[in-house]
Amino acid sequence: MELEKSYNYKTTESRIYELWESSGCFNPDKQPNIDAKKGNYVVMIAPPNITGSLHMGHALENTISDILVRYHRMSGFKTLWVPGTDHAGISTQSVVEKDLAKKGISKHDLGREEFIKKIWEWREKYGSLILNQLKRLGCSLDWSRTAFTMDAGYKEAVKYVFEYYLKKGWIYKGKRVINWSVKDQTSLSDLEIYYKEHKDSLWYIKYPIAGRPDEFITVATTRPETMLGDTAVAVNPDDERYKKFAGQKAVVPLVNREVPIISDAAVDLKFGTGAVKVTPAHDIADFEIGQRHNLQAVEVINTLGKVNEAFPEFKGLKVTDARKKIVEKLKELGLIEKEEEYTHNVAYGERCHTIIEPMLSNQWFLNMKELAKMAIDAVESGEVKYHPEKWKDMALTWLKNIKDWNISRQIWWGHPVPVDPEGNKISNGAGGSTDVLDTWFSSALWPFASLGWPNPTDDFEKYYPTNVITSARDILHLWISRMIYSGLEFTGKVPFKDVLIHETILAKDGKRMSKSLGTGLDPMDFIEKYGADAVRFGLIYQSLGCQDIKFGEEFIVTGGRFANKLWNIARFIMMKIGPDYVFRKYESFEDLRNQNPGLAEKYAKELARINELSMAVSKGLGEYKFGETLHELYRYAWHELADKLIEETKSKDDEVTKDMLTYILQTILRLLHPFMPFVTEEIYSHLPIPDKSMLLVEHWPEK
RNA sequence: GGGCGCGUAGCUCAGUUGGUUAGAGCGACUCGUUGACGUCGAGUAGGUCCCCCGUUCGAAUCGGGGCGCGCCCACCA
């Protein structure tokens with residue numbers, strides 16, 4: 001059969017994917033080429049958010065996973081890669097809110113129940129967009145097992161885990177200073193906030209010493225409005241300047257509260273005046289000082305971001321207005337020593353992009369002590385390995401400095417916090433039974449909950465623990481560390497043996513790719529333009545184990561050309577062998593030597609070379625060296641096979657030469673299949689090979 | 001502020017334990033090529049290997065310092 005002059009990915013890719021999918025071979029229970037000696041190979045997906053669409057990072061991540069899956073499947077492992085999505089609490093909620101806002105509807109118009117219904121509708125409509133994009137990329141996921149972090153079974157897992165921790169005494173309610181988003185009316189974890197540089201004022205405020213109205217201690221602050229809640233003034237214990245005030249009290253102006261002057265090592269004697277006002281209710285550091293010195297926490301700002309009714313003079317004022325008014329009053333009283341311009345970082349919410357108010361709140365916390373310890377042991381002992389290895393230290397540093405996890409959120413979309421068994425309701429709304437759990441609480445259970453746990457399902461029995469997770473580094477702590485201790489606590493096993501942290505894809509100028517900056521590129525555009533194999537090639541070709549990739553489209557172009565080159569290598573060989581030639585199949589190199597001694601002898605060097613390449617590819621994939629391995633395959637196929645070997649055969653026409661070419665063609669297609677599955681499968685389908693399967697499940701050239 | 005990574009040809013990057021004239025892909029230029037090929041092949045040009053100091057017979061490679069870029073973590077009132 002004669003091939004077209006050039007490879008046409010447009011007419012090929014969807015047809016080939018359909019062929020694979022309908023064959024059922026992505027499902028390990030139906031996989032035809034299982035080698036009982038090999039065992040299982042399970043790859044874990046990082047379930048994308050239901051709001052998500054494929055970005056370059058996803059494309060790289062899932063190409064890497066797919067390469068591993070295809071390589072192991074061909075090698076005869078019973079191979080599973082479960083697809084799925086994450087409900088992504090606050091992120092999804094805000095997307096749907098924005099969507100409704102276009103129609104002039106707010107979530108409060110709908111009420112909680114109706115709003116959640118809308119989110120489910122949204123999820124039905126758009127929630128699997130990204131999964132379809134993964135199909136376009138060629139990912140061989142077992143779609144019959146698609147999971148979602150709010151499936152009925154998954155809900156059971158979450159409830160089970162919450163109650164388990166509660167019974168163990170590890171979940172508790174507590175007042176803490178948390179990051180509060182006034183806009184979204186919820187608490188945020190430290191990992192959900194970012195900092196932005198602000199030019200503000202730093203005010204130096206004189207606090208009179210109690211009983212000696214002519215003496216003052218001056219504090220410096222950017223947030224004078226919180227002084228209404230000050231319950232101490234703190235200095236560094238080594239600060240000679242303030243020794244004279246030891247044991248004395250200061251009077252907080254405007255509220256005339258007498259507060260102790262305390263010494264605490266957390267105070268930086270070089271900053272400002274070296275004396276600092278302490279507001280335990282509205283600053284995380286101050287809260288900690290308060291704990292150490294048994295200070296009262298006086299709340300000033302309420303959950304709406306306004307001064308509360310305890311301060312009638314300022315009641316109802318927004319933070320910024322209260323600040324102005326208080327500074328004015330202090331000026332009138334002559335208590336502002338000076339005001340200077342000051343640049344500092346201010347916390348913003350990752351989703352709401354508004355300033356975070358630190359405030360005291362009732363929240364649910366999960367005690368991290370024992371859990372972190374387990375994870376530390378597993379990482380230190382190498383039960384879980386990181387690639388590249390440096391991420392191990394990153395993970396350990398975080399785990400060793402971990403704080404208790406604030407697991408409650410005051411939003412509507414998520415797993416509800418199971419009802420408090422003691423029936424306690426806490427007054428201000430937070431920490432009550434209307435809260436939902438932090439998204440990562442459920443994500444942390446993904447490796448086993450996505451397989452049906454806590455029910456003793458076949459899948460959980462057979463496919464847990466998994467072998468490897470491929471992930472971006474920004475969720476190392478947020479997610480990966482949490483899966484490790486969750487796995488250890490609930491299954492007694494680490495959820496995966498290898499953690500692969502892939503490069504971050506940056507724009508060509510080295511800046512972060514982001515939609516909001518307009519520097520984001522859509523991999524789907526490239527798939528349209530050059531084909532999925534080309535995109536996979538381009539990404540992997542640049543994946544050389546560094547921390548970042550500066551993305552260049554030219555590698556995708558090269559990938560597209562390479563697909564065409566492969567096509568023409570096959571086309572030439574097909575012409576060369578003529579219509580009556582039938583491919584021979586060899587089980588192994590030994591088998592080839594027995595069946596075809598003439599070939600083994602005449603082309604010993606060429607066969608040795610392709611064998612060597614096969615071993616190098618196996619080794620490279622085993623060591624997760626994707627880029628290097630692809631470089632080698634590319635160099636071989638183009639510059640050795642096509643440029644030299646094939647050129648040399650143009651003057652020959654014997655059967656042994658045909659045997660050599662067809663053997664090498666088959667082998668190189670197999671070796672390239674994990675990287676460029678579509679074009680290799682398509683070429684393979686045209687080869688006159690008796691009793692062949694799809695390349696997808698043909699055996700890997702081992703030796 | 002702490003940590004990590006990077007700085008090699010116009011661009012994106014290799015450079016294995018320090019060893020002769022520093023490589024690849026893309027781009028530029030020259031020539032050639034019809035039994036496969038969005039042509040392809042052969043070849044040319046282009047580099048104080050960020051800077052300084054040191055170790056060494058010898059440094060892109062090792063050590064110290066600096067400069068520049070990027071990312072992560074912490075957040076200082």
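Listed by chain and number, the residues in a salt bridge (Lys or Arg N to Asp or Glu O under 4.0 Å) with A:K652 amount to none (sequence neighbours excluded). For the side-chain contact (heavy atoms from CB on, under 4.5 Å) test, residues two or more places apart in sequence or in another chain that qualify with A:K206 are A:F216, A:T218, A:L335, A:E337. Take A:K5 and apply the salt bridge (Lys or Arg N to Asp or Glu O under 4.0 Å) test, not counting sequence neighbours, and it matches no residue. Under the salt bridge (Lys or Arg N to Asp or Glu O under 4.0 Å) criterion, A:K277 pairs with A:D230, sequence neighbours left out.
Residue A:Q542 places no side-chain atom within donor-acceptor reach of the base of B:A14, judged by atom type and a 3.5 Å distance cut-off alone.
In this structure, the side chain of A:D286 does not engage the main chain of A:P280 through any donor-acceptor pair within 3.5 Å.
Note on A:R473: only backbone sugar-phosphate atoms sit closer than 4.0 angstrom, heavy atoms only; bases stay farther off.
When the nucleotides B:G27, B:A14, B:G25 are ranked by their closest atom to the side chain of A:E554, B:G25 comes out on top.
Side-chain N/O atoms of A:W638 include one lying less than 4.0 angstrom from OP1 or OP2 on B:G41.
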Please tabulate, one pair per line, each protein N/O and nucleotide N/O from nucleotides 42-47 of chain B that are separated by under 3.5 Å, including the distance.
none

Distances under 3.5 Å between nitrogen or oxygen atoms of protein and nucleotides 1-5 of chain B:
residue: B:C4; atom: O2'; partner: A:K390; partner atom: NZ; Å: 3.4
residue: B:C4; atom: O2'; partner: A:Q547; partner atom: OE1; Å: 3.3
residue: B:G5; atom: O4'; partner: A:Q547; partner atom: OE1; Å: 3.2

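With A:F626 as reference, A:I64 is the one residue of A:I64, A:L539, A:L544 to meet the side-chain contact (heavy atoms from CB on, under 4.5 Å) rule.
When both pairing distances are held under 3.5 Å, B:C71 makes a Watson-Crick or G-U pair with B:G3.
Under a cutoff of 6.0 Å and an axis angle of 45°, A:K392 and A:Y386 do not form a cation-pi pair. Judged by the 6.0 Å and 45° rule, A:R482 forms a cation-pi pair with A:W405.
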